[in-house]
Amino acid sequence: METTLKVFKSDKFDAGDTASLSLFLYPSFLAIFAKDQNQANIGIHFYPKFDWNSLEKLIISDPLLKIDVPARVYLHQSGFSLVPGVLYSSENDRTYLEYVQELPEKSHFFHTALDSNNVQIVSFIEEKLKRSLQARFTEISFYHGSCSFLSYLFKERFNLIGQEILVNLLDGKMYLAAFTDQELTTFNMFEISEKEDLLKYVQILIKQLNFNPKHVRVTIYGVPSKSEITEEWAQEYFHNVRILTPHANQNYSHGFKKIKDLGLFEVYWQYQ
């Protein structure tokens, strides 16, 4: 298994202070956040090149993953569905997701309520991967990776204008959301291989929703420190555009350096 590891930690990091873990599985990289009893981040292991099939081996080799504490696993994958809370029934999880993609025969389904139970995010994890994680951690819970971004948008909804498009970039993909009069109207994940793909999907969405190009506001999150995506570049195509970092609900012990250079949304805000 060929992996690389970047370690970020506090000046006084002690693995024994770890009270819980948050694992973020992106399409091709992995981030592990170790938190103390006050939910402050004390150490982060970041694997910029990672294959989900290697997780079972990593569990027995990564020092943080050897600690049996409550673990929250967030899966950034295209297999998810948003279901109105009033229509949701856990008995129909497979049906909801079969409209999105073909599912493994043995799958474990999970869901998360957002926006005061008005929306349920339904997703799945392959049974084999779930068993590997459950064999390592006595207490474990699963979430779709979009929970963090969506929970943030719902919290910020009353700061949104009438026509709003919001983007979260991550690992060759992006979440694309649209709000009309502070109500969520579109949410999906798309593959992007170059910055022009961001333009394409946003422009298509503006047209589909009949937004006014001079009024709609485009906000982009998740831009790494070294990126060709800049406000100056985006302003060539959109009348009202901004690149932001989210308000933070994450605390860090003293000594973390360059963690924000990764551009990860979850460095600032995590669903919890």
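The model shown is predicted, which means the values in this text are computed figures rather than measured ones. Note: hydrogens, waters and symmetry copies are ignored here, and every other heavy atom, side chains too, is used.
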Open item on the list: Can you see whether Gln250 engages Asn41 through a side-chain donor-acceptor pair at a distance of less than 3.5 angstrom?
Closed with: yes
- [ ] Work out which heavy atom in Ile220 is nearest to a heavy atom in Val223; give both atom names and the distance.
- [x] CG2-CG2, 3.7 Å
Open item on the list: Is it the case that the side chains of Gln272 and Ser22 hold a donor-acceptor pair, with the cut-off being a distance below 3.5 Å and no angle test?
Closed with: no
Task: Heavy-atom side-chain contact between Ser107 and Phe109 under 4.5 Å - done: yes
- [ ] Determine whether Val167 and Leu176 make a side-chain contact, defined as any pair of heavy atoms from C-beta on separated by less than 4.5 Å.
- [x] yes
- [ ] Mark yes or no for whether Ser132, through its side chain, and Lys128, through its backbone, hold a donor-acceptor pair below 3.5 Å.
- [x] yes
- [ ] Flag yes if more than 12 heavy atoms outside Lys260 fall under 6.0 Å of its NZ atom; otherwise flag no.
- [x] no
TODO: Kindly check if the number of other-residue, nucleotide or ligand heavy atoms within 6.0 Å of NZ (Lys9) is above 12?
DONE: no
Task: Check: Ser123/Gln77 side-chain N/O donor and acceptor closer than 3.5 Å - done: yes
- [ ] State whether the side chain of Gln270 and the backbone N or O of Glu266 hold a donor-acceptor pair below 3.5 Å, judged by distance alone.
- [x] yes
Open item on the list: Before we go on, tell me: are the rings of His76 and Tyr175 under 6.0 Å apart, centre to centre?
Closed with: yes
TODO: Check whether any side-chain heavy atom of Phe46 lies under 4.5 Å from a side-chain heavy atom of Ile259, and answer yes or no.
DONE: no
- [ ] To the nearest 0.5 angstrom, please state how far the CG atom of Leu205 sits from the NZ atom of Lys200.
- [x] 13.5 Å
Task: Within-4.5 Å side-chain heavy-atom neighbours: Ile59 and Asp62 - done: no
Open item on the list: Ignoring hydrogens and geometry beyond distance, is a side-chain donor-acceptor pair present between Glu191 and Tyr201 at under 3.5 Å?
Closed with: no
Open item on the list: Tell me whether Ile165 shares a hydrophobic cluster with Trp233, the cluster being built from Ile, Leu, Val, Met, Phe, Trp, Tyr side chains joined at under 4.5 Å.
Closed with: yes
- [ ] Any chance you could lay out the side-chain contact (heavy atoms from CB on, under 4.5 Å) test for Leu153 and Phe179, step after step, and finish with the verdict?
- [x] CA-CA 9 Å; Leu153 297 185; Phe179 280 75; 4.0 Å; yes
Open item on the list: Counting only heavy atoms from other residues, nucleotides and ligands, does the tally under 6.0 Å from CD of Glu91 exceed 12?
Closed with: no
TODO: Mind listing the closest non-hydrogen atom pair of Ala113 and Asn117 along with its distance?
DONE: CB-OD1, 2.9 Å
- [ ] Without swapping roles, check the side chain of Thr180 against the backbone of Glu183 for a donor-acceptor pair under 3.5 Å.
- [x] no
Task: Interatomic distance, Leu262 atom CG to Lys226 atom NZ [nearest 0.5 angstrom] - done: 12.0 Å
Task: Test item: Phe187 and Phe80 side chains (from C-beta on) under 4.5 Å apart, heavy atoms - done: yes
- [ ] Please answer whether the main-chain N or O of Asn240 pairs with a side-chain N or O of Gln235 as donor and acceptor at a distance below 3.5 Å.
- [x] no
Task: Residues, nucleotides or ligands: over 12 heavy atoms within 6.0 Å of Glu194 CD - done: yes
Task: Side chains of Asp36 and Thr18 in contact at under 4.5 Å (non-hydrogen atoms) - done: no
Task: Distance-only side-chain donor-acceptor flag, Gln134 / His108, under 3.5 Å - done: no
Open item on the list: Could you tell me if the side chain of Leu209 sits less than 4.5 Å from the side chain of Thr186, heavy atoms only?
Closed with: yes
TODO: Please assess Gln163 against Asn212 for the test side-chain contact (heavy atoms from CB on, under 4.5 Å), listing each intermediate value before the final yes or no.
DONE: CA-CA 8 Å; Gln163 298 180 357; Asn212 186 326; 3.8 Å; yes
Open item on the list: Nearest 0.5 angstrom please: Met189 CE to Lys173 NZ, how far?
Closed with: 6.0 Å
TODO: Work out which heavy atom in Ala34 is nearest to a heavy atom in Leu64; give both atom names and the distance.
DONE: CB-CD2, 3.9 Å
Task: Pairwise distance CG(Leu58) to CG(Asp51) - rounded to 0.5 angstrom - done: 11.0 Å
Task: Gly263 backbone acceptor or donor facing Tyr221 side chain under 3.5 Å - done: no
- [ ] Check the pair Phe124, Phe110 against ring-ring contact (aromatic ring centres under 6.0 Å, His included), reporting the backbone distance first and the verdict last.
- [x] CA-CA 6 Å; Phe124 75 97; Phe110 52 89; 7.9 Å; no
- [ ] Starting at OG1 of Thr4, measure out to CZ of Phe50 and round the result to the nearest 0.5 Å.
- [x] 11.0 Å
- [ ] Start with the C-alpha distance between Tyr152 and Phe265, add both sets of side-chain angles, then the distance that settles ring-ring contact (aromatic ring centres under 6.0 Å, His included), and finish with yes or no.
- [x] CA-CA 10 Å; Tyr152 182 80; Phe265 189 90; 5.5 Å; yes
Open item on the list: If you count heavy atoms of other groups shown closer than 6.0 angstrom to CD of Glu196, is the number above 12?
Closed with: yes
Task: Short side-chain to backbone donor-acceptor contact, Ser148 and Tyr271, under 3.5 Å - done: yes
- [ ] Not counting sequence neighbours, which residues clear salt bridge (charged side-chain N to carboxylate O under 4.0 Å, His left out) with Asp115? List them please.
- [x] Arg157
- [ ] Taking the side chain as every heavy atom from C-beta outward, state whether Tyr47 and Lys6 have any atom pair closer than 4.5 Å.
- [x] no
Open item on the list: Given 3.5 Å as the limit, does a donor-acceptor pair link the side chain of Asp197 with the main chain of Ser193, or not?
Closed with: yes
TODO: Search all heavy atoms of Ile67 against all heavy atoms of Ala15 and return the closest pair with its distance.
DONE: CD1-O, 3.8 Å
- [ ] Compute whether any side-chain donor of one residue and acceptor of the other, for Thr219 and Arg242, lie under 3.5 angstrom apart.
- [x] yes
TODO: Report the distance from atom NZ of Lys49 to atom CG of Leu5, rounding to the nearest 0.5 Å.
DONE: 14.0 Å
TODO: Could you verify whether a donor N or O on one side chain and an acceptor N or O on the other, from Arg94 and Tyr96, lie under 3.5 Å apart?
DONE: no
TODO: Heavy atoms only: give me the nearest His144-Gly79 pair and the separation to one decimal.
DONE: CD2-O, 4.3 Å
Open item on the list: Centre-to-centre under 6.0 Å for Phe142 and Tyr74, is that the case here?
Closed with: no
Open item on the list: Would the distance check show the side chain of Ser227 and the main-chain N or O of Pro224 forming a donor-acceptor pair, the cut-off being under 3.5 Å?
Closed with: no
Task: Parallel, tilted or perpendicular, as decided by the 30° and 60° cut-offs, for the rings of Tyr26 and Phe29 - done: tilted
- [ ] Could you pull out the closest heavy-atom pair between Phe256 and Ser10, with the gap in Å?
- [x] CE1-N, 3.7 Å
TODO: Indicate whether any N or O donor in one side chain lies under 3.5 Å from an N or O acceptor in the other, for Tyr88 and Ser90.
DONE: no
TODO: Assess whether atom CD of Gln203 is packed by more than 12 heavy atoms of other residues, nucleotides or ligands within 6.0 Å.
DONE: yes
- [ ] Give a yes or no answer on whether the side chain of Ser151 reaches the backbone of Cys147 with a donor-acceptor pair at less than 3.5 Å.
- [x] yes
Open item on the list: Given 3.5 Å as the limit, does a donor-acceptor pair link the side chain of Asp68 with the main chain of Thr138, or not?
Closed with: yes
Task: Residue that, paired with Leu184, satisfies side chain to side chain contact (heavy atoms under 4.5 Å, CB included) out of Leu114, Leu166, Leu150 - done: Leu150
